[in-house]
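Only one structure is covered here, and it is reproduced in the block below.
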Amino acid sequence: MCSFFSQILTQECLLCTAADGGDLGLCASCQQDLPWHKAPCCPQCALPSSQGLLCGHCLTSPPAFDHTHALLRYDFPLDAMLQGYKYRDMLHMARVFGHLLGESVSARPRPDRLIPMPLHPLRLRERGYNQSLEVARIISKALDIALDYSSCERIKFTPPQASLPLKARASNMKGAFACHASLAGERVVLLDDVMTTGASLQALAKAIKKAGAAEVECWVIARTLPR
Ligand SMILES: [Zn+2]
Ligand SMILES: [Zn+2]
């Protein structure tokens with residue numbers, strides 16, 4: 001009886017050949033080897049900065065969001081994991097990302113609501129799920145934060161950011177979001193999978209500040225860092 005249960009509770013590691021991937025399906029050594037974003041970084045945009053001070057870019061032209069927390073660097077093997085999660089229906093990965101990101105933000109001040117990056121309805125139909133929403137569901141439940149995936153919508157159908165040159169990404173996102181709720185005085189957290197130029201988060205944060213939010217923080221699974 002006992003061994004039967006331990007067999008179904010033990011999952012193989014999704015990254016290596018270890019038989020015991022534990023509860024998340026990721027063994028301890030693969031978890032440790034993930035590209036954690038630990039370098040001192042700018043508190044506002046999470047790009048590496050000297051001694052963790054505000055970077056020059058955020059000083060001269062501050063983004064609409066006030067803080068960014070990035071769990072990992074967008075490097076191997078996380079890039080492949082996120083691609084699989086986003087484009088190959090590997091929905092079970094939401095548990096891994098939700099658990100790891102949730103754990104890393106559990107000591108931060110609790111926001112009034114958690115808003116996952118909205119997908120355009122056409123994109124949602126094509127993919128079948130919103131990858132940021134699935135991770136946000138897990139964090140909302142674990143940390144008891146109100147999940148809000150209806151106040152904001154993506155009103156502009158745009159080519160995927162990843163398919164565009166970096167310079168074109170800000171204009172691609174201009175006016176992409178609308179926020180229908182009043183968020184007066186609220187502390188809002190935006191959740192996205194990958195932050196590269198930050199153009200999507202910037203456009204969404206702008207819409208959310210326009211709706212009255214007092215503070216906007218970004219929580220992202222991965223940050224693309226300059227090499
Ligand atoms: Zn492993
Ligand atoms: Zn910065």
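Atoms within each ligand, like the ligands themselves, are counted from 1 in listed order. Values below: all heavy atoms of this structure, side chains included; hydrogens, waters and symmetry mates excluded. Note that this is a predicted model, so its numbers are computed, not measured.
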Does a sphere of radius 6.0 Å around [atom1] in [X] hold more than 12 heavy atoms from other residues, nucleotides or ligands, not counting ones at 6.0 Å or beyond?
X	atom1	value
Phe76	CZ	no
Tyr149	OH	no
Lys210	NZ	no

* **Heavy-atom pair with the smallest gap, counting every atom of Leu143 and Ser106** =>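 Smallest interatomic distance, heavy atoms only, reads CD2-CB, 3.8 Å.
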* **Close side-chain approach of Ile221 to Leu100, heavy-atom, < 4.5 Å** =>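 Not in contact.
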* To do: Evaluate the side-chain proximity of Leu15 to Met81: yes if any heavy-atom separation is below 4.5 Å, no if none is.
  =>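 Met81 reaches Leu15 side chain to side chain.
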* To do: Look up atom CD in Glu153 and atom NE2 in His180, then write down how far apart they are to the nearest 0.5 Å.
  =>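 If we round to the nearest 0.5 Å, Glu153:CD and His180:NE2 are 3.5 Å apart.
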* Excluding waters, which protein N, O or S atoms are within less than 2.8 Å of the Zn ion (ligand 2)? ->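 Checking every protein N, O and S atom gives Cys42 SG, Cys45 SG, Cys55 SG, Cys58 SG.
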* Charged N to carboxylate O below 4.0 Å: is that the case for Lys209 and Asp66? -> yes
* To do: At a cut-off of 2.8 Å, list the protein N/O/S atoms near the Zn ion (ligand 1), residue plus atom name.
  =>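 The answer, once waters are left aside, is Cys13 SG, Cys16 SG, Cys27 SG, Cys30 SG.
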* Asked: Backbone N or O of Thr158 within a donor-acceptor pair of the Arg123 side chain at under 3.5 Å?
  ->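 Judged by distance alone, yes, a pair lies under 3.5 Å.
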